[in-house]
Amino acid sequence: TIKFSDKFYRFMTMEEGGDDNQIDASELRKLMTYPLVARGELPEELCAEAVDMIATSLEKFPSNHEQAAQSIKVQMDKKAGSSWNVVLGEGFDAAYTYFGTQCLLLYVGTVGVLAWKCS
């Protein structure tokens with residue numbers, strides 16, 4: 001579960017909050033650097049570890065998405081068994097249908113990451 005500050009929540013949902021509702025650009029940039037899980041169909045412990053692995057890989061390979069995806073796949077294969085697939089890129093969303101409980105869609109800044117396990 002991700003908890004946002006009240007100020008950020010009011011900003012994102014456009015709720016009225018007086019002058020308190022204003023977030024400057026530097027504060028917004030800082031808030032948007034954290035991983036945001038859009039859909040996490042993994043056990044809670046594995047989801048937290050996967051988010052950390054993904055954020056670390058994206059920091060390690062900021063300009064090489066192919067290498068970052070390969071790194072994430074290898075780490076997920078070691079941690080949660082083989083057959084993981086990873087797709088990532090800037091400014092994308094995913095609509096998909098799947099069976100099972102091994103899927104994760106998250107965003108780190110402008111990079112979207114979709115990881116799922118084939119059975």
Side-chain angles (χ1 to χ4, degrees):
T1 306
I2 297 174
K3 297 188 181 193
F4 298 111
S5 68
D6 290 335
K7 189 188 252 189
F8 181 68
Y9 178 78
R10 283 195 306 273
F11 174 78
M12 294 305 290
T13 59
M14 301 301 187
E15 284 185 9
E16 294 299 319
D19 294 335
D20 197 38
N21 196 26
Q22 302 301 316
I23 295 179
D24 65 350
S26 64
E27 187 176 350
L28 183 59
R29 255 187 244 107
K30 187 172 105 177
L31 289 170
M32 297 304 285
T33 58
Y34 295 106
L36 174 65
V37 177
R39 180 182 275 180
E41 303 292 332
L42 293 172
E44 191 171 330
E45 185 177 306
L46 180 59
C47 186
E49 290 176 13
V51 168
D52 288 340
M53 281 188 262
I54 290 168
T56 302
S57 291
L58 290 173
E59 287 174 5
K60 190 174 180 181
F61 307 107
S63 60
N64 190 341
H65 294 319
E66 186 175 341
Q67 202 166 10
Q70 182 65 30
S71 172
I72 294 165
K73 183 206 179 331
V74 168
Q75 290 179 44
M76 291 298 290
D77 283 347
K78 287 179 185 174
K79 188 68 180 173
S82 63
S83 302
W84 280 88
N85 296 286
V86 177
V87 177
L88 64 90
E90 297 213 14
F92 85 89
D93 192 12
Y96 51 90
T97 303
Y98 67 96
F99 297 103
T101 59
Q102 303 287 321
C103 186
L104 178 66
L105 173 63
L106 68 99
Y107 297 94
V108 181
T110 60
V111 178
V113 180
L114 175 62
W116 73 97
K117 184 175 183 176
C118 294
S119 40

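When reading the values below, keep in mind they use all heavy atoms of this one structure, side chains included, and skip hydrogens, waters and symmetry mates. What you see is a predicted model, and the numbers here were worked out from it, not measured in a lab.
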Exercise for the section: Return yes if a side-chain donor-acceptor contact under 3.5 Å exists between Gln67 and Ser71, otherwise no. Expected result: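 Result is no, nothing qualifies.
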Is any side-chain heavy atom of [Y] closer than 4.5 Å to one of [X]?
X      : Y     : value
Val108 : Glu59 : no
Leu104 : Arg39 : no
Trp84  : Gln75 : no

Cluster question for you: counting only ILVMFWY and a side-chain heavy-atom cut-off of under 4.5 Å, with indirect links fine, are [X] and [Y] together?
X      : Y     : value
Leu106 : Met53 : yes
Phe61  : Val51 : no
Ile72  : Val37 : yes

Handout entry: CD (Glu66) with more than 12 external heavy atoms under 6.0 Å
Key =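 No, because the 6.0 Å sphere around CD of Glu66 holds 12 heavy atoms or fewer from other groups.
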Heavy-atom closest contact ([X] atom, [Y] atom, distance):
X      : Y     : result
Tyr107 : Ala38 : CE1-CB, 3.8 Å
Ala115 : Val86 : CB-CG2, 4.2 Å
Val111 : Glu90 : CG2-CG, 4.0 Å

Practice task
Could you tell me whether a side-chain N or O of Lys117 sits under 3.5 Å from a main-chain N or O of Ser83, the two making a donor and an acceptor?
Solution key: no
Practice task
Any pair with a residue in residues 45-55 that passes salt bridge (Lys or Arg N to Asp or Glu O under 4.0 Å), sequence neighbours left out, goes on the list, sorted by first then second residue, please.
Solution key: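 Checked against salt bridge (Lys or Arg N to Asp or Glu O under 4.0 Å) - neighbours excluded - the pairs reaching residues 45-55 are Glu49-Lys79.
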